[in-house]
Amino acid sequence: MTEGTTSAADAVDAAEGGDTLTRLEQEGEIAADYLEGLLDIADLDGDIDMDVEADRAAVSIISDSSGRDLQKLVGRDGEVLEALQELTRLAVHRETGDRSRLMLDIAGFRAKKRAELAEIGAKAASDVKSTGAPVKLDPMTPFERKVVHDAVAAAGLRSESEGEEPQRFVVVLPA
């Protein structure tokens, strides 16, 4: 093959990458429609922002005002947010027939939580580096554990999840 030409496999890979992006954008649009309907029913103000992050559709509900109303959709420790995310994933599944890994954020709750968890993971990694002993963290949701695992990996260490839901937790291990 000469320079400047592409193989059929390259064309398929490019098309699949484009197909994946198109599929994720479609998931985001379906989710946005569903969530806009929900906001209308609940008579809440909020704008929907869609993106694709780490091979997932990401949808955020943000507010120009204080966002106090949107806190109702977050709930205590994000419990309502988690439920709304599952309902939104089901709405996407109903429309597409495919399982969705869509992430929902409301009023920046998940973004703040991600920053806090990354800090916890980095601190645990630092403690393990200085003491050489494994560190067990408190039980976390799958989302929370994923963020901590990523922070630990970024610090050059490894971690594992142990236990059974809902008491599953992260253990940060020495190198």
Side-chain angles (χ1 to χ4, degrees), residues 13-14 16-32 35 47-63 67 70-71 73-93 96 98-175:
D13 287 346
E16 285 176 356
D19 288 347
T20 299
L21 182 59
T22 301
R23 182 181 52 78
L24 293 174
E25 288 172 345
Q26 178 190 20
E27 281 187 22
E29 289 172 15
I30 293 167
L35 292 165
D47 295 321
I48 309 286
D49 184 34
M50 297 180 298
D51 201 1
V52 174
E53 299 172 0
D55 294 331
R56 288 181 177 208
V59 179
S60 300
I61 301 175
I62 53 178
S63 177
L70 291 182
Q71 290 305 314
L73 297 178
V74 173
R76 187 177 51 118
D77 296 327
E79 290 173 340
V80 176
L81 170 60
E82 289 291 332
L84 288 173
Q85 177 175 278
E86 286 307 310
L87 289 172
T88 305
R89 286 177 174 176
L90 286 171
V92 170
H93 177 75
T96 65
D98 295 325
R99 182 179 174 275
S100 173
R101 295 177 53 232
L102 175 130
M103 289 296 292
L104 175 63
D105 191 6
I106 299 174
F109 175 83
R110 222 180 266 282
K112 275 187 274 186
K113 188 78 170 172
R114 183 177 281 125
E116 291 169 7
L117 291 164
E119 192 173 309
I120 288 169
K123 183 184 179 325
S126 175
D127 291 350
V128 169
K129 284 179 180 178
S130 65
T131 66
V135 171
K136 292 182 181 180
L137 300 176
D138 292 333
M140 298 178 183
T141 66
F143 162 76
E144 293 169 336
R145 290 193 309 269
K146 169 77 168 96
V147 174
V148 171
H149 286 305
D150 290 348
V152 170
L157 294 180
R158 62 187 187 90
S159 57
E160 297 175 352
S161 292
E162 293 183 4
E164 297 294 323
E165 295 292 351
Q167 296 299 314
R168 201 154 164 80
F169 59 93
V170 174
V171 179
V172 182
L173 303 164

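For the numbers below, each heavy atom of this structure counts, side chains included, while hydrogens, waters and symmetry mates do not.
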Q) Which pair of heavy atoms, one from Ala57 and one from Gly28, lies closest together, and at what distance? A) CB-N, 4.0 Å

Q. Between atom CG of Asp51 and atom CZ of Arg56, what is the distance when rounded to the nearest 0.5 Å?
A. 13.5 Å

Q | Nearest heavy atoms of Val171 and Phe169, plus distance in Å | A | CG2-CE1, 3.4 Å

Q) Is there a donor-acceptor pair under 3.5 Å between the side chain of Ser126 and the backbone N or O of Ala122? A) no

Q.
Set out, in order, the CA-CA distance, both residues' side-chain angles and the distance that settles side-chain contact (heavy atoms from CB on, under 4.5 Å) for Ile61 and Leu84, then state yes or no.
A. CA-CA 12 Å; Ile61 301 175; Leu84 288 173; over 6 Å; no

**Q.** Lys129, NZ: over 12 other non-hydrogen atoms inside 6.0 angstrom
**A.** yes

Q: Dump the intermediate steps for salt bridge (Lys or Arg N to Asp or Glu O under 4.0 Å) on Arg89 and Glu86, then the final yes or no.
A: CA-CA 5 Å; Arg89 286 177 174 176; Glu86 286 307 310; 3.1 Å; yes

(Q) Under a plain distance cut-off of 3.5 Å, with no hydrogens placed, do Ser100 and His93 share a side-chain donor-acceptor pair? (A) no

Q. What residues form a side-chain hydrogen bond (donor to acceptor under 3.5 Å, both in side chains) with Glu119, not counting sequence neighbours?
A. none

Q: Give, for atom CD of Glu144 and atom CG of Asp77, the distance between the pair rounded to the nearest 0.5 Å.
A: 8.5 Å

Q) Closest approach of Leu173 and Pro134, non-hydrogen atoms and distance? A) CD2-CB, 4.1 Å

Q | Pairwise distance NE2(His149) to CG(Leu117) - rounded to 0.5 angstrom | A | 11.5 Å

Q.
Give me the atom names and distance for the closest heavy-atom approach of Arg101 to Asp55.
A. NH1-O, 3.5 Å

**Q.** Separation of Leu21 CG from Gln26 CD (nearest 0.5 Å)
**A.** 12.0 Å

Q. Has the side chain of Arg145 got a donor or acceptor atom that lies under 3.5 Å from a matching backbone atom of Val170?
A. no

Q) Could you state the interatomic distance from CD (Glu82) to CG (Leu87), rounded to the nearest 0.5 Å? A) 11.5 Å

**Q.** Whether Asp150 side chain and Ala154 backbone form a donor-acceptor pair below 3.5 Å
**A.** no

Q: Enter the distance from Phe143:CZ to Arg114:CZ here, rounded to the nearest 0.5 Å.
A: 4.5 Å

Q | Counterpart residues, side-chain contact (heavy atoms from CB on, under 4.5 Å), relative to Val128 (two or more places apart) | A | Val135, Leu157, Val172, Pro174

Q: Return yes if some donor-acceptor pair links the side-chain N/O of Lys113 with the main-chain N/O of Gly78 below 3.5 Å, else return no.
A: no

Q: Apply side-chain contact (heavy atoms from CB on, under 4.5 Å) to Met140 and Val147, showing your working.
A: CA-CA 10 Å; Met140 298 178 183; Val147 174; over 6 Å; no

Q. Does the distance from a Lys or Arg side-chain N to an Asp or Glu carboxylate O, for Asp127 and Lys123, drop under 4.0 Å?
A. yes

Q: Please check if the side chain of Arg168 supplies one atom and the backbone of Pro142 the other of a donor-acceptor pair under 3.5 Å.
A: no

Q | Exam field: side chain Ser60 to backbone Ile62, donor-acceptor pair closer than 3.5 Å | A | no

(Q) Could you report the tightest heavy-atom contact between Asp105 and Ala111, atom names first, then the distance? (A) OD2-N, 3.3 Å

Q: Mark yes when over 12 heavy atoms from residues, nucleotides or ligands other than Glu164 sit less than 6.0 Å from its CD; otherwise mark no.
A: no

Q) Can you tell if the side chain of Thr88 reaches within under 4.5 Å of the side chain of Val59, non-hydrogen atoms only? A) no

Q: Could you pull out all residues at least two apart from Glu29 that satisfy side-chain contact (heavy atoms from CB on, under 4.5 Å)?
A: Met50

Q: Please name the pair of heavy atoms, one in Pro166 and one in Pro139, separated by the smallest distance, quoted to 0.1 Å.
A: O-CB, 3.9 Å

Q. Is there a side-chain contact between Glu27 and Leu24 (heavy atoms, below 4.5 Å)?
A. yes

